Amino acid sequence: MKLMHVGDLHLGRSLGDFDLTEDQEYLLDQLLDIVEKQSVDAVLIAGDVYDKAIPSEAATRMLDYFLSNLAKRNVYVYMVSGNHDSDERLKFGSNLFETNHIFISTKYDGNLYKQTLKVEKDEADIYLLPFVKASQVRHFLPDAKIESYDDAVRAILDKADIDVSRNNVLVAHQFVMGKSEDPKLSGSESLGTQSVGTVEKIGYDCFDRFDYVALGHIHSPQQVGRREVRYSGSPLKYSLSEVNNEKSVSLLTISGEGKIEIELLPIRPMRNVRHVKGKIKDLLDKANITAPEDFIYATLTDEEIVSDAMGIFRQVYPNTVKIDYDNSHTREIEQVDISKIAKNRSFDELIGDFYRQMYGCEISEEEMDVMRMVAGEAGVLYEAG
């Protein structure tokens, strides 16, 4: 049997000022093509299906399109909610969906949801663990000793009484690091933190009874500990931090008992996300311009601020998301102790000092008027002292 693992679709997301609906529609069609060409039997969707708890009309339409097309192909779907999803909205119609082999788990109710997938002679038990909080688990398992998020997940899995003689697959939306005593995250991305977003860390060793764990939450594709515990990563680049990611989906082939092959299938976006750096003249030189339709983050190294840099850039790269600077002024300001600047200063003095630190000259009265107007519109009130 073949299973495709995806996660963090974030349907309805935007990138800066840009709507990503067309890009996400293009992505979903690409996923459907993979399903068709690879003869996929089931799709595992590991949470953060929507980008917001109250999804847009476009987002719900895209999910309907994706699930309907999978159902038409008689492909099974196993989906969990993530911390971006609304439990109620994602599970709406779930009982009806099950008649079309679309299984959704959005809220832990004291039992780990399980379905058995049968494809010819092969079988696999698919378990669904949505995003949970330790307080939720304590409510249903009052006798379990739960002091942390890791304890909560282990209590859920212990209660499930998993038969290790069978092929067991878990779909989950969690922040998984090294073993519970190891603070480092295995794989390609190191996260020196105890949580990401609202999700606290758990150790990958709590999944030892599963042959494969389809994870969502981290946007970089990577394994955690052993190769069978994987983040598929988001299939599109949603931030500057992801520009160097090679996006993919995981294709699992399960045969016999516990024999799993994992293949990473590349995803090609309609428009890539890129980071360019240099002087504006060089970046916009005709000889250096490539893929002008891409989403661009630009870092300018010009010593002087370029007037209307965004307008100039968007004449060549219309999907420029953000422009910042890396020069002697910005490097100097990084070393400034802001608390010393702010002490007993008026708004005009603060802005003046900031301007001098950034640009090495005095702010003009016209520019100060603009800053006062912006501060007023933002509702900023500053009192000296």
Side-chain angles (χ1 to χ4, degrees), residues 10 12-20 51-54 56 83-84 190-200 219 237-243 273-284 294-385:
H10 286 280
R13 187 152 181 162
S14 58
L15 189 63
D17 297 330
F18 297 99
D19 188 327
L20 294 180
D51 189 55
K52 296 180 180 178
I54 302 177
S56 65
N83 55 302
H84 277 250
S190 177
L191 298 173
T193 181
Q194 299 301 303
S195 64
V196 172
T198 57
V199 185
E200 297 177 15
H219 286 195
K237 299 176 182 179
Y238 289 128
S239 68
L240 176 60
S241 64
E242 299 175 57
V243 294
V273 177
R274 295 191 289 125
H275 182 211
V276 297
K277 183 176 181 178
K279 294 183 181 298
I280 192 168
K281 180 180 179 180
D282 297 332
L283 294 177
L284 300 183
D294 284 350
F295 294 109
I296 299 296
Y297 287 83
T299 297
L300 303 184
T301 58
D302 300 77
E303 285 297 317
E304 301 299 326
I305 297 301
V306 178
S307 178
D308 193 26
M310 182 63 80
I312 295 171
F313 236 84
R314 284 184 173 172
Q315 290 181 20
V316 177
Y317 293 103
N319 299 316
T320 301
V321 180
K322 183 180 179 181
I323 293 178
D324 60 15
Y325 285 83
D326 182 10
N327 55 31
S328 60
H329 301 304
T330 60
R331 289 190 288 273
E332 184 178 334
I333 198 66
E334 289 175 357
Q335 308 302 318
V336 172
D337 185 344
I338 299 298
S339 64
K340 292 182 180 178
I341 294 178
K343 189 175 182 180
N344 297 321
R345 298 293 182 92
S346 68
F347 177 82
D348 287 9
E349 289 171 333
L350 277 174
I351 296 300
D353 281 350
F354 176 78
Y355 197 91
R356 280 190 293 275
Q357 290 288 343
M358 285 292 292
Y359 309 124
C361 62
E362 298 295 326
I363 187 170
S364 69
E365 187 58 34
E366 182 182 18
E367 290 168 324
M368 181 63 79
D369 286 341
V370 171
M371 295 302 295
R372 293 189 191 107
M373 180 183 68
V374 171
E377 291 178 352
V380 173
L381 176 63
Y382 179 82
E383 296 180 359

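Computed from a predicted structure; not experimentally measured. When a residue number appears, it is its place in the shown sequence, counting from 1.
In this structure, Thr299 contributes its side chain and Asp324 its backbone to no donor-acceptor pair below 3.5 Å. Of the possible donor and acceptor atoms, one in the side chain of Asp302 sits under 3.5 Å from a partner among the backbone N and O of Ile280.
The OH atom of Tyr325 lies 11.0 Å from the CD atom of Glu303; values are rounded to the nearest 0.5 Å. The line from CE of Met371 to CG of Leu350 is 10.5 Å long, rounded to the nearest 0.5 Å. Residue Asp282 holds its CG atom at 11.0 Å from CG of Leu300, rounded to the nearest 0.5 Å. Rounded to the nearest 0.5 angstrom, Phe313 CZ and Leu283 CG are separated by 4.5 Å. With rounding to the nearest 0.5 Å, the separation of CG in Leu284 from CD in Gln315 is 9.0 Å. We find the OH-OG distance between Tyr297 and Ser239 to be 6.5 Å, quoted to the nearest 0.5 Å.
Ser56 approaches Gly12 most closely through the heavy-atom pair OG-CA, 4.2 Å. Summarising the geometry of Met310 relative to Val321, their closest heavy-atom pair is CE-O, 4.0 Å, with the distance given to 0.1 Å. The shortest non-hydrogen separation linking Asn327 to Thr301 is CB-O, 4.0 Å.
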Worksheet entry | Residues Glu242, Val273; criterion side chain to side chain contact (heavy atoms under 4.5 Å, CB included); working and verdict | CA-CA 8 Å; Glu242 299 175 57; Val273 177; over 6 Å; no

Item to complete: Carefully, step by step, assess Leu240 and Lys322 under the rule side chain to side chain contact (heavy atoms under 4.5 Å, CB included).
Response: CA-CA 10 Å; Leu240 176 60; Lys322 183 180 179 181; over 6 Å; no

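Applying the ring-ring contact (aromatic ring centres under 6.0 Å, His included) criterion to His84, with sequence neighbours excluded, gives His10.
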